[in-house]
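These numbers were taken from a predicted model, which means no experiment stands behind them. Per chain, numbering begins at 1; letters A, B, ... match sequence-line order.
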Number of protein chains: 2
Amino acid sequence: MEQGHARALKEAGMKATPKRLAILEALYAESGYASPEELWKRLRDRFDRLGLPTVYRNLEELAASGVITKVIHPNRQLYYFFCPNREHHHHFVCLSCRKVEDLPACGLSALEQEVSRSIGGKVLSHILQLNGLCGVCAAAAGGTP
Amino acid sequence: MEQGHARALKEAGMKATPKRLAILEALYAESGYASPEELWKRLRDRFDRLGLPTVYRNLEELAASGVITKVIHPNRQLYYFFCPNREHHHHFVCLSCRKVEDLPACGLSALEQEVSRSIGGKVLSHILQLNGLCGVCAAAAGGTP
DNA sequence: ATCCTAAAACGAAATCATTTCTATTTAGGA
DNA sequence: TCCTAAATAGAAATGATTTCGTTTTAGGAT
Ligand SMILES: [Mn+2]
Ligand SMILES: [Mn+2]
Ligand SMILES: [Zn+2]
Ligand SMILES: [Zn+2]
């Protein structure tokens, strides 16, 4: 997938630097969301030098250009997730194991229109996320009393 | 409305202390969301002593017991809003003037059920917020070229 | 292949919103 | 009026995130 990631970066107008690619691949390898520091710890051995600010900066840039996604977390820290799905959509997040799953197509445009009209303003963006326990975690929590 | 706020606190199982009431009333007086520090600056003259941590703590407790609402903000700082609507619902937030408006009744339970079923897990909560420009701010931005 | 330059990376240090901690005060039920 | 769990003070700590000035590099141009 290295090639594909390099292409994704080019399409986003970003240089395909080794560190940027490694950050993206590390996130791709995760089954769930990850924090900047976690990714940094996972990657720093692979480079003679890798600064934590570099990881923060790249994740932010990648999210800004839509290559990766931010997760909204109760602790208000930064978490990111790689989702290959290029359509506009939202996510279910497992609060226990960090797994992220796609929701069916976002049906909020009707709501956006209705709200724009009723308030006489402009809806510029929306946030939608479901939180809960994935199948595995729900079974582990409720299944063995 | 002082009486009503005291009652709301009692119903939430919280003591109606003067500072807590003042914080709640200050938020009630706002037309939009507010930060802990803003409320603190507005209130500290009214008391011989009022600590910023007290404001943080009270806002968090009030939000936890559902008396007030947290706003999700791009800068990831804490903002709160007082909404008298006791039904489960979500908000439109004006990114320019901080005004918050109710959205029509949340219709996400069908989605929650579908997702629970399809992933075999449990949906515990959801986040939904529309961001944009209210009527006034949209007119000011686009209306006078 | 070599140059050139804007972009990227470095990392120590700063930032600063938020939380912690321990002592003191208080609301409100008994 | 008493009692006690809850609430407050406020200085200090925290720690995730950002800033800054410098150095390095990717990748298009020559
Ligand atoms: Mn997705
Ligand atoms: Mn509301
Ligand atoms: Zn899970
Ligand atoms: Zn507005």
* To do: Look at K10(A) and dG27(D) and indicate whether a side-chain polar atom (N or O) is within less than 4.0 Å of OP1 or OP2.
  => no

* Is there side-chain contact between L128(A) and L108(B), with at least one heavy-atom pair below 4.5 Å? -> yes

* Asked: Roughly how many Å is it from CD in E38(A) to C1' in dA16(D), rounded to a whole number?
  -> 13 Å

* To do: Specify the separation, in whole Å, of atom NZ of K19(A) and atom P of dT25(D).
  => 8 Å

* Below 4.0 angstrom from OP1 or OP2 of dT8(D), is there any side-chain N or O of N58(B)? -> yes

* Asked: Can you tell which of dA9(D), dC10(C), dA27(C) lies closest to the side chain of K15(B)?
  -> dA27(C)

* Send over the distance from L59(B) CG to dA17(C) C1', rounded to a whole Å. => 14 Å

* Indicate whether OP1 or OP2 belonging to dA9(C) is found under 4.0 Å from a side-chain N or O atom of R20(A). => yes

* Asked: Nearest heavy-atom pair of L24(A) and F82(A): which atoms, and what distance?
  -> CD1-CD1, 3.7 Å

* Please check the phosphate of dC10(C) (OP1 and OP2 only) for any side-chain N or O of T54(A) closer than 4.0 Å. => yes

* OP1 or OP2 of dA17(C) less than 4.0 angstrom from a side-chain nitrogen or oxygen of S35(B), does that happen here? -> no

* Structure fact -> For dT22(D), the nucleotide meeting Watson-Crick or G-U wobble distances (both under 3.5 Å) is dA9(C)

* **Toward the 5' end of DNA chain D, by each residue's nearest nucleotide, M14(B) or D48(B)** => M14(B)

* To do: Starting at atom CG of L52(B), determine the distance to atom C1' of dT19(C), rounded to an integer number of angstrom.
  => 11 Å

* Structure fact -> Here the distance between atom P of dA16(D) and atom CG of N75(B), to the nearest Å, is 18 Å

* When the aromatic ring centroids of Y33(A) and Y79(A) are compared, is their separation below 6.0 Å? -> yes

* Asked: What's the closest nucleotide to the E37(B) side chain, out of dA16(D), dA17(C), dA7(D)?
  -> dA17(C)

* Distance-only side-chain donor-acceptor flag, N131(B) / Q129(B), under 3.5 Å -> yes

* Structure fact -> Among the nucleotides dA9(D), dA8(C), dG29(C), whichever has the atom closest to the side chain of L50(B) is dA9(D)

* To the nearest angstrom, how far is L21(A) atom CG from dA9(C) atom C1'? -> 15 Å

* Please determine if a side-chain N or O atom of T17(B) lies less than 4.0 Å away from the OP1 or OP2 oxygen of dA6(D). => no

* Asked: Between L78(B) and P18(B), who's closer to the 5' end of DNA chain C by nearest nucleotide?
  -> L78(B)

* Asked: The side chain of P53(B) lies closest to which of these nucleotides: dA11(D), dA9(C), dA9(D)?
  -> dA11(D)

* Asked: How close do A16(B) and L9(B) get, heavy atom to heavy atom, and via which atoms?
  -> CA-CD1, 3.9 Å

* **Ring centres under 6.0 angstrom apart (H126(A), H88(A))** => yes

* Is R57(B) touching bases, backbone alone, or none of the nucleic acid, heavy atoms closer than 4.0 Å? -> base

* Quick one: which of dG10(D), dG27(D), dC10(C) gets closest to the side chain of A16(A)? -> dG27(D)

* Asked: What's the CD-C1' distance between E61(B) and dA7(D), to the nearest Å?
  -> 8 Å

* Structure fact -> Taken to the nearest whole Å, CZ/R76(A) to P/dA17(C) is 12 Å

